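Data first, discussion second: the structure below is written as structure tokens.
Chain letters run A, B, ... following the sequence lines, proteins first and then strands; every chain starts at 1. In this text, all values refer to a predicted model and were calculated from it rather than measured experimentally.
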Amino acid sequence: MARKDHTRPLLDRLPRTDPFMVPDGFFERFPHHVQVALPRGRRSRAWANWMRPVLAASLVLVAVTLLLLRQWTTTPTPDMAMVSIPSEEVLADEFRDELEYHADLELSLADLSEAELAAWLERDPQQLDELLNLDLCAPC
Amino acid sequence: MSGLPDKELLDLFRKEESRNYAFNLLVRQYQKPLYGFIRRMVTDHDETQDVLQNVFIKVWTGLDGFRGGSQLFTWLYRIAHNESLTHLRRMRRGLFTSHETVLERLTTTLDRSEHFSGDAIQRALQLAVMRLPPKQRAVFTMKYFDTLTYEAISEITGTSVGALKSTYHIASGKIERWLTAEQPGPTDQTLRKA
């Protein structure tokens, strides 16, 4: 038996008493101590439960607003885009548009008869200026 | 565990009119074992009181969410375990230092404590336990002093039973080595008397 004891792990042979002492009356006082320290009321928790989704929604809203605001301030507006493009390019673009417009007008008027052309001018006299700039009008 | 069964305690807690009463019962029912565990982890009585108070405040705010998936005692123990580790981590951070310096402080606390009644071997055992890293100390304390099953410790710590067995084996091996190496004379004598 003594031999068996000797081979047992040391820890198993130690008495497992609790050497830590607690001040007198500690366990009688402690529950009151905890009660005093508690965050008060179920209502506050109910409020917290109700507020949680509202707060979450508000945060999402603020985040989305900030994102949109950021997007808006960083995306160049058409005017800003114009400012950032060199003036030669802007002129070239305008000139190209003008040419395309005139080409379209020329093509569409070339198919008209004289009577149709007169009717068109009568309906929209301002187009005469346009017409004067086209080769189509050269015989006039 | 004597006192009201967990289910009755929880039912009382969920009613507004008996909430405080139920919580008071819960504190009285579980304060001693939780105090014992925390005290072995942090050593000092005042710090134990602070940690234990934080544990019960967390219980108060979280008990509504306790769905009974585990035993109430296991759930409480888990909070006590986490709070103790957090306290030790904070202590280490507060001292801006290593595990050894924290150990030094805990040893001083133990030596100065008027609330330590152990003999030489108890003191040596407690010092050896304090030398373990916090997580090993927790596992060793739960298994050796509180005699919890590996399954319960697994639920408390969120560690697998296999890993816990290894941890306990390593921790108890270290403690035995430290006890026999540092205090061979008194240990043997005390053991013979015991």
field: Joint cluster assignment, B:Met41 & B:Ile170, ILVMFWY side-chain distance < 4.5 Å
entry: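 No.
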query: Is the gap between the ring centers of A:Phe30 and B:Tyr35 under 6.0 Å?
result: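 Between B:Tyr35 and A:Phe30, which both carry aromatic rings, the centre distance is not below 6.0 Å.
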message: Under 6.0 Å between ring centres: does that hold for B:His45 and A:Phe20?
response: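 No - the distance between ring centres of B:His45 and A:Phe20 does not fall below the 6.0 Å cut-off.
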query: Is it true that a side-chain atom of B:Arg39 and a backbone atom of A:Met21 form a donor plus acceptor pair closer than 3.5 Å?
result: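 Confirmed, B:Arg39 side chain pairs with A:Met21 backbone.
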field: Polar side-chain atom of B:Gln122 near backbone of A:Pro19 as donor-acceptor pair, under 3.5 Å
entry: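 No: the side chain of B:Gln122 does not pair with the backbone of A:Pro19.
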Just wondering, more than 12 heavy atoms not from [X] lying within 6.0 Å of its [atom1]?
X        : atom1 : value
B:Lys174 : NZ    : yes
A:Phe27  : CZ    : yes
B:Gln71  : CD    : no

Worked check of side chain to side chain contact (heavy atoms under 4.5 Å, CB included) between A:Leu38 and B:Phe56: CA-CA 9 Å; A:Leu38 290 178; B:Phe56 280 116; 5.8 Å; no
Heavy-atom distances under 4.5 Å only: say whether [X] touches chain A with side chain, backbone, both or neither.
X        : answer
B:Ile175 : side chain
B:Thr147 : side chain
B:Leu125 : side chain

- prompt: When you look at B:Leu179 and A:Leu14, which way does the side chain to side chain contact (heavy atoms under 4.5 Å, CB included) test go after all the steps?
  reply: CA-CA 11 Å; B:Leu179 284 178; A:Leu14 293 178; 4.0 Å; yes
Side chains of [X] and [Y]: does their closest heavy-atom pair fall under 4.5 Å?
X        : Y       : answer
B:Phe140 : A:Leu11 : yes
A:Val34  : B:Trp60 : no
A:Pro31  : B:Gln29 : no

- request: Kindly give the heavy-atom pair with the smallest separation between A:His32 and B:Arg28, and that separation in Å.
  value: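 Smallest interatomic distance, heavy atoms only, reads NE2-NH2, 3.6 Å.
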- request: Considering non-hydrogen atoms only, spot the tightest contact between A:His33 and B:Gln49 and give its length.
  value: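 Minimum heavy-atom separation between A:His33 and B:Gln49: NE2-NE2, 3.2 Å.
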- request: Mind checking the CD-CG spacing from A:Gln35 to B:Asn24? Nearest 0.5 Å is all I need.
  value: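 Between atom CD of A:Gln35 and atom CG of B:Asn24 there are 5.0 Å.
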